[in-house]
Amino acid sequence: MADSERLSAPGCWLACTSFSRTKKGILLFAEIILCLVILICFSASTSAYSSLSVIEMIFAAVLFVFYMCDLHSKISFINWPWTDFFRSLIAAILYLITSIVVLVEGRGSSKIVAGVLGLLATLLFGYDAYITFPLKQQRHTAAPTDPTDGP
C-alpha cells in the first residue's frame, strides 16, 4: 500500500501544481496576495475595513485549493462556475465601495495606499468575474442539417 501511495504522489503533485500555472490559478493566487497586502495596509491604519480583505482572501484560498486538488469535479451538488462568478462579482463591488470610502476619508498614507490597492483589487476581481461568467462560457452549436431534406 505504501508503494502505491508513493507512486501516485508525483502524479498528485503534478496535478496540483499544474492548476497554479493556468490563467485561473494565477488569477486566484494574485487575488490572495493582493488581499493580504490590503489587509496589512488596513491593519496599519484602522481595522474597520480589514474584514473584507480577510473574507475575500479566505474565499479565494478555498477556491484555489478546491480547483488545485480537483475537488470541484468531485463535489457536484455545488454549481462551481456560478459560485466563483458571484464570489468575484460581490468582491469587486465591495472593494469598489470600500475603496471609495477609504479614499474619501484619506487620513494617513496607509489608508490611501489601501484605497488605491482596493481599486486595483476591484479591477482584478471584476476581470475574474468577467472570465468566469458561466453563460459566456457555454458554446452553442448549430443543429445538424440533413442535405437530403432540401426542396
Side-chain angles (χ1 to χ4, degrees), residues 1-104 109-144:
M1 184 160 167
D3 291 333
S4 65
E5 289 176 6
R6 197 174 7 177
L7 291 176
S8 67
C12 179
W13 178 252
L14 182 63
C16 288
T17 57
S18 65
F19 173 73
S20 61
R21 293 187 198 112
T22 64
K23 184 178 184 179
K24 183 66 178 177
I26 293 169
L27 192 60
L28 281 170
F29 187 72
E31 289 172 0
I32 294 168
I33 297 300
L34 188 58
C35 286
L36 181 64
V37 172
I38 293 171
L39 175 65
I40 292 169
C41 290
F42 277 147
S43 297
S45 62
T46 181
S47 62
Y49 304 111
S50 61
S51 61
L52 173 63
S53 297
V54 171
I55 291 169
E56 293 305 329
M57 183 174 54
I58 289 171
F59 283 159
V62 166
L63 275 175
F64 184 80
V65 169
F66 269 61
Y67 286 139
M68 184 176 69
C69 295
D70 202 29
L71 294 174
H72 67 286
S73 63
K74 293 173 180 61
I75 301 173
S76 60
F77 62 89
I78 296 175
N79 190 339
W80 291 102
W82 282 107
T83 301
D84 195 17
F85 170 72
F86 282 120
R87 175 202 60 91
S88 55
L89 181 68
I90 291 170
I93 293 168
L94 290 177
Y95 265 117
L96 178 65
I97 293 168
T98 304
S99 298
I100 290 172
V101 168
V102 167
L103 288 173
V104 167
S109 60
S110 62
K111 268 192 174 179
I112 294 172
V113 170
V116 170
L117 288 175
L119 291 176
L120 181 65
T122 299
L123 294 175
L124 187 66
F125 280 103
Y127 178 70
D128 190 8
Y130 173 73
I131 67 167
T132 59
F133 185 57
L135 295 180
K136 184 185 84 139
Q137 294 175 357
Q138 294 177 352
R139 303 282 186 235
H140 296 286
T141 58

What do the steps show when you test Thr98 against Phe42 for side chain to side chain contact (heavy atoms under 4.5 Å, CB included), and what is the final call? CA-CA 11 Å; Thr98 304; Phe42 277 147; 4.1 Å; yes
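- Taking every heavy atom of both residues into account, Val113 and Cys41 meet most closely at CG1-SG, 3.8 Å.
- At least one donor-acceptor pair under 3.5 Å links the side chain of Thr22 to the backbone N or O of Phe19.
- Atoms CH2 and CG, from Trp82 and Leu89 in turn, are 10.0 Å apart once rounded to the nearest 0.5 Å.
- Counting non-hydrogen atoms of neighbouring residues, nucleotides and ligands closer than 6.0 angstrom, the NZ atom of Lys23 reaches no more than 12 such neighbours.
- For the atom pair NZ (Lys74) and SG (Cys69), the distance works out to 9.0 Å, reported to the nearest 0.5 Å.
- To the nearest 0.5 Å, atoms CG (Asp84) and CZ (Arg87) are separated by 4.5 Å.
- More than 12 heavy atoms of other residues, nucleotides or ligands sit less than 6.0 Å from atom CZ of Phe64.
- You'll find the side chain of Leu120 reaches within 4.5 Å of the side chain of Leu117, heavy atoms only.
- Residue Phe85 comes nearest to Ala129 through the heavy atom pair CD1-O, 3.3 Å, listed as atom of the first residue, atom of the second, then distance.
- Side-chain N/O atoms of Ser53 and Tyr95 include a donor and acceptor closer than 3.5 Å.
- Side-chain contact check for Ser88 versus Tyr130: every heavy-atom pair is 4.5 Å or farther apart.
- Within the 3.5 Å criterion, the main-chain N or O of Asp70 finds a donor-acceptor partner in the side chain of Ser73.
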If you apply the rule ring pair (Phe, Tyr, Trp, His ring centres under 6.0 Å), what do you find for His72 with Phe66, and how did you get there? CA-CA 6 Å; His72 67 286; Phe66 269 61; 8.7 Å; no
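- Atoms CD1 and CG, on Ile32 and Leu27 in that order, are 10.5 Å from each other to the nearest 0.5 Å.
- Put simply, the side chain of Trp80 gets close to the backbone of Ile75: a donor and an acceptor are under 3.5 Å apart.
- Side-chain contact between Glu56 and Ile38 is absent, with no heavy-atom pair separated by less than 4.5 Å.
- Atoms CG and CG, on Leu119 and Leu103 in that order, are 5.5 Å from each other to the nearest 0.5 Å.
- With rounding to the nearest 0.5 angstrom, the SG atom of Cys35 is 11.5 Å from the CD1 atom of Ile40.
- Inter-residue side-chain proximity for Leu36 and Met57 is flagged as met; some heavy-atom pair is nearer than 4.5 Å.
- Side-chain atoms of Thr132 do not come within 3.5 Å of backbone N or O of Pro81 as any donor-acceptor pair.
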